[in-house]
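All figures in this text were calculated on a predicted structure; none of them were measured in a lab.
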Amino acid sequence: MAHISLPDETLPGIVGLFNFRPETAVPLQLLAETLLRGESPLTSGERELIAAYVSHLNDCHFCHTSHASAAMAHLKCDLALIDDIKHGFQEIAITPKLHALLNIAAKVQKSGRQVTEEDVAAARTHGADDRAIHDTVLIAAAFCMFNRYVDGLGTWAPLENEAYREMGKRMAFTGYVRNVNETAN
């Protein structure tokens, strides 16, 4: 049970919170839509990996697994690879540029002040431009907020990766702006 009384306790994670406060759901959904599906030099799959990685670092199971599932849908990977994000991308092929950007995202997750000129230079060396660096930092910062929102209110989340398959596909291919009364399934 969540720390607060939600109108529909069957809705997991942020979905239940969106249902609780539709007026705050709309701008948060628009933010996610812009960051993860809007115009960017990074693919939606890369951006979902950044979101999933930061969510893993924040120990937010719901956000990690739902965004990892969206990344798997974009990348046409099996859901079994979701756990590879937790293991440092041993099987999921990522570019040196994305690796450098994930390093920046991990530092933002700890504290934005941990990002150094050397981190940015490494990303640039591998082809990241200002927009890719900007988008990475903003995704990492936003997902720290989303993760704390979901876990700070004690929402529940399905444990198994398979439970996120349809949600991940919907997030990847339909997007984030939807009726807040929709179920997660």
Side-chain angles (χ1 to χ4, degrees), residues 11-58 60-77 82 85 94-95 97-112 115 119-120 123-124 127-153 155 157 164 166-184:
L11 299 175
I14 205 165
V15 180
L17 300 176
F18 285 169
N19 188 26
F20 178 75
R21 287 283 311 267
E23 65 277 19
T24 59
V26 172
L28 293 174
Q29 289 172 340
L30 287 170
L31 178 61
E33 180 73 19
T34 300
L35 293 177
L36 301 174
R37 292 173 36 92
E39 185 180 325
S40 176
L42 302 173
T43 69
S44 289
E46 290 170 327
R47 289 177 278 164
E48 291 285 2
L49 285 174
I50 293 167
Y53 182 62
V54 168
S55 297
H56 160 64
L57 295 176
N58 283 322
C60 183
H61 177 75
F62 179 83
C63 294
H64 163 72
T65 312
S66 61
H67 289 280
S69 180
M72 297 304 102
H74 280 295
L75 301 173
K76 297 177 177 59
C77 292
I82 285 176
I85 296 168
I94 61 170
T95 64
K97 176 176 92 173
L98 183 57
H99 181 74
L101 293 171
L102 287 165
N103 179 60
I104 290 172
K107 292 200 172 176
V108 169
Q109 182 268 336
K110 291 177 188 148
S111 167
V115 178
D119 298 324
V120 173
R124 288 186 200 286
D129 62 10
D130 285 348
R131 180 70 186 270
I133 295 164
H134 169 275
D135 291 0
T136 297
V137 169
L138 186 52
I139 291 165
F143 273 83
C144 287
M145 177 198 59
F146 285 127
N147 300 157
R148 284 157 180 79
Y149 181 42
V150 167
D151 287 341
L153 287 169
T155 63
Y164 295 86
E166 292 308 313
M167 183 189 311
K169 286 179 185 176
R170 186 174 57 247
M171 289 166 29
F173 304 121
T174 303
Y176 292 89
V177 179
R178 58 188 175 272
N179 181 335
V180 295
N181 293 319
E182 275 184 36
T183 63

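Minimum interatomic distance between Ala123 and Leu101 (heavy atoms only, all atoms of both residues): CB-CD2, 4.0 Å. The two residues Cys63 and Ser55 make their nearest non-hydrogen contact at CB-OG, 3.4 Å. Residue Gly45 comes nearest to Ala71 through the heavy atom pair O-CB, 4.0 Å, listed as atom of the first residue, atom of the second, then distance. Nearest heavy atoms, Pro41 versus Lys97: O-NZ, 4.4 Å. The shortest non-hydrogen separation linking Gly175 to Arg37 is CA-NE, 3.2 Å. Here the shortest heavy-atom pairing between Ser66 and Met171 reads O-CE, 3.4 Å.
Every residue two or more places apart in sequence or in another chain that forms a side-chain contact (heavy atoms from CB on, under 4.5 Å) with Ala73 is listed here: Lys169, Ala172, Phe173. Asn58 pairs by the side-chain contact (heavy atoms from CB on, under 4.5 Å) definition with Val54, Gln109, Cys144, Asn147, Arg148, not counting sequence neighbours.
The side-chain heavy atoms of Phe20 and Leu153, taken from C-beta on, include no pair separated by under 4.5 Å. Within the 4.5 Å cutoff, the side chain of Leu28 has no heavy atoms near those of the Leu17 side chain. Contact of the Ile50 side chain with the Leu98 side chain is registered, since non-hydrogen atoms from C-beta on lie closer than 4.5 Å. The side-chain heavy atoms of Asp130 and Arg124, taken from C-beta on, include a pair separated by under 4.5 Å. Inter-residue side-chain proximity for His64 and Ile82 is flagged as met; some heavy-atom pair is nearer than 4.5 Å.
With hydrogens and angles disregarded, no donor-acceptor distance shorter than 3.5 Å links the side chain of Arg47 to the backbone of Ile139. Panel note: side chain Thr136, backbone Ala132; a donor-acceptor pair is recorded below 3.5 Å. Judged purely by atom type and a 3.5 angstrom limit, Thr155 has no side-chain atom pairing as donor or acceptor with the backbone of Pro12.
Separation of atoms CD (Gln29) and CZ (Arg178) is listed at 6.0 Å; rounding is to 0.5 Å. The OG1 atom of Thr43 sits 11.0 Å away from the CG atom of Leu36 when rounded to the nearest 0.5 Å.
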Worked check of side chain to side chain contact (heavy atoms under 4.5 Å, CB included) between Phe18 and Leu11: CA-CA 9 Å; Phe18 285 169; Leu11 299 175; over 6 Å; no
Criterion side chain to side chain contact (heavy atoms under 4.5 Å, CB included) on Tyr149 and Thr24, from CA distance to verdict: CA-CA 12 Å; Tyr149 181 42; Thr24 59; 4.1 Å; yes
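Within 6.0 Å of atom CD in Glu39, 12 or fewer heavy atoms from other residues, nucleotides or ligands are found, so the atom counts as exposed in its surroundings.
The residue from Leu49, Leu57, Leu102, Thr65 that alone fulfils the side chain to side chain contact (heavy atoms under 4.5 Å, CB included) condition with Ile85 is Leu49. Considering Val108, Ile133, Asn103 in turn, Asn103 is the only one that fulfils the side chain to side chain contact (heavy atoms under 4.5 Å, CB included) rule with Asp119.
Checked against a 6.0 Å centroid threshold, the rings of Phe143 and Phe146 count as neighbours.
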